[in-house]
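Small disclaimer: the values here were computed from a predicted structure and weren't measured.
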Amino acid sequence: MKMPLTSLTSGMGIEVLPDLYFFPIQIVNICFIGKANQQEFVLVDAGMPDCHEMIFEEAENRFGPGAKPSAIILTHGHFDHIGALEELLNKWDVPVYAHQAEEPFLTGQENYPPPNTGAEGLVSKLSPLFPRNSINISKNLQILPQDGSIPVLPDWKVIHTPGHTPGHISLYREHDEVLIAGDAFVTVEQESLYEVLTQKQEMHGPPAYFTMDWQAASKSVKKLAALKPKTAITGHGLPMTGNNLMEGLTTLAANFDETEIPENRK
């Protein structure tokens, strides 16, 4: 790894595995799947608004001048995961894969519901300021196959992990037990501004202010815990590995309904 998994700085990537590169942008993380200097890669999620130049630069730094992904995969369509998408597509014009249940939010048909400002934490109180409007990328959008396969990533499979959004997905590679969880669970208390700023590593459910279905979210975490992944990258917080990941995820799944669901949603 290029740096220890004890610090996180926006714009400073971590090579988690030779073909898996974690890149934090402000409050959210994206992933590049592909080996360095080989030109070919897949981008998972598209970061915050106005961060497209950072993504272009990092793609060229890692994969070479003129590097362009074969596709972009979205874990879901919240603003911090699709913020730079339209600008990226203006230059790259590649397929964007997403789950069918996320399609209304990516084709201009439907906006996400208002946030839960009653959840704990300052970020929850600030959440009405966050965009929740749909975008329209119909020209590039490709719906992922229902069998869990990913056309551009034959070694990976899609796991439908609804709850945070209806079409939220995680990505899993069985041979090395690595998981890209999106926001199905996170490794920082995303509702707390202090924790977001300090990036204290601890396991939590999806960001409470934007999670739509808590019963589905609980089932999704249990589904991912059953995989017993050895490495996990989440949409917020640092990557986790080994016993810390397995123990933390097992505990999260067992206690989810008591510790993660906001009181005003129980």
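- When atom types are taken as modelled, the side chain of S134 and the backbone of G108 share a donor-acceptor pair closer than 3.5 angstrom.
- If you check the side chains of D155 and H175, you find no donor sitting under 3.5 Å from an acceptor.
- With values rounded to the nearest 0.5 angstrom, N37 atom CG is found 8.0 Å from R62 atom CZ.
- Within a 6.0 Å radius of CD in Q109, other residues, nucleotides and ligands contribute more than 12 heavy atoms.
- Rounded to the nearest 0.5 Å, atoms CG (L20) and CD (E15) are 9.0 Å apart.
- At a threshold of 4.5 Å between non-hydrogen side-chain atoms, the residues L249 and M203 count as touching.
- Looking at R173 and D19, a side-chain N of the basic residue comes within less than 4.0 Å of a carboxylate O on the acidic one, giving a salt bridge.
- Not one N or O on the side chain of K223 forms a donor-acceptor pair closer than 3.5 Å with the backbone of I159.
- Taking every heavy atom of both residues into account, D257 and K266 meet most closely at O-CE, 3.4 Å.
- More than 12 heavy atoms of other residues, nucleotides or ligands lie within 6.0 Å of CD in E110, so this atom counts as buried by the packing criterion.
- In K68, the NZ atom is crowded: over 12 heavy atoms of neighbouring residues, nucleotides or ligands sit closer than 6.0 Å.
- In terms of heavy-atom proximity, H164 sits nearest to A217 at N-CB, 4.5 Å.
- Heavy atoms from other residues, nucleotides or ligands lying under 6.0 Å from NZ of K91 number more than 12.
- Considering every non-hydrogen atom in both I14 and P239, the closest pair reads CD1-CD, 4.5 Å.
- Residues T165 and E102 bring a donor and an acceptor atom of their side chains to less than 3.5 Å of each other.
- Annotation: Y112 is in aromatic contact with F105 [ring centroid separation under 6.0 Å].
- Using cut-offs of 30° and 60° on the angle between ring planes, the pair F210 and H78 is tilted.
- For H168 and H99, the gap between ring centers reaches or exceeds 6.0 Å.
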Just do the side chain to side chain contact (heavy atoms under 4.5 Å, CB included) check on S127 and T117 with the steps written out, would you?
CA-CA 7 Å; S127 60; T117 57; 4.0 Å; yes

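- In this structure, OH in Y21 is found 12.0 Å from CZ in F41, a value given to the nearest 0.5 Å.
- Distance check, rounded to the nearest 0.5 Å: CG of N29 to CG of L238 gives 8.0 Å.
- Across every non-hydrogen atom of L252 and G205, the tightest pair is CD1-N, 3.8 Å.
- Under a cut-off of 6.0 angstrom, the local environment of CG in D147 is crowded, with over 12 non-hydrogen atoms contributed by other residues, nucleotides or ligands.
- Atom CG of D45 and atom CD1 of I233 lie 11.5 Å apart (nearest 0.5 Å).
- Within a 6.0 Å radius of CD in E258, more than 12 heavy atoms belonging to other residues, nucleotides or ligands are found.
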Might you work through the side chain to side chain contact (heavy atoms under 4.5 Å, CB included) test for L227 and E177, ending with a clear yes or no?
CA-CA 8 Å; L227 296 172; E177 301 171 290; over 6 Å; no

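- We find that K139 and D93 are joined by a salt bridge, their nearest charged nitrogen and carboxylate oxygen being less than 4.0 Å apart.
- K125 NZ: more than 12 foreign heavy atoms inside a 6.0 Å radius.
- In this structure, the separation between CG on L106 and CD1 on I143 is 7.5 Å, given to the nearest 0.5 Å.
- The two residues S124 and A119 come nearest to each other via the heavy atoms CB-O, 3.4 Å.
- Heavy-atom minimum distance, L224 versus S170: CD1-OG, 3.7 Å.
- Atom CD of Q100 has 12 or fewer neighbouring heavy atoms from other residues, nucleotides or ligands inside a 6.0 Å radius.
- You'll find the ring centres of F185 and H204 outside the 6.0 Å limit.
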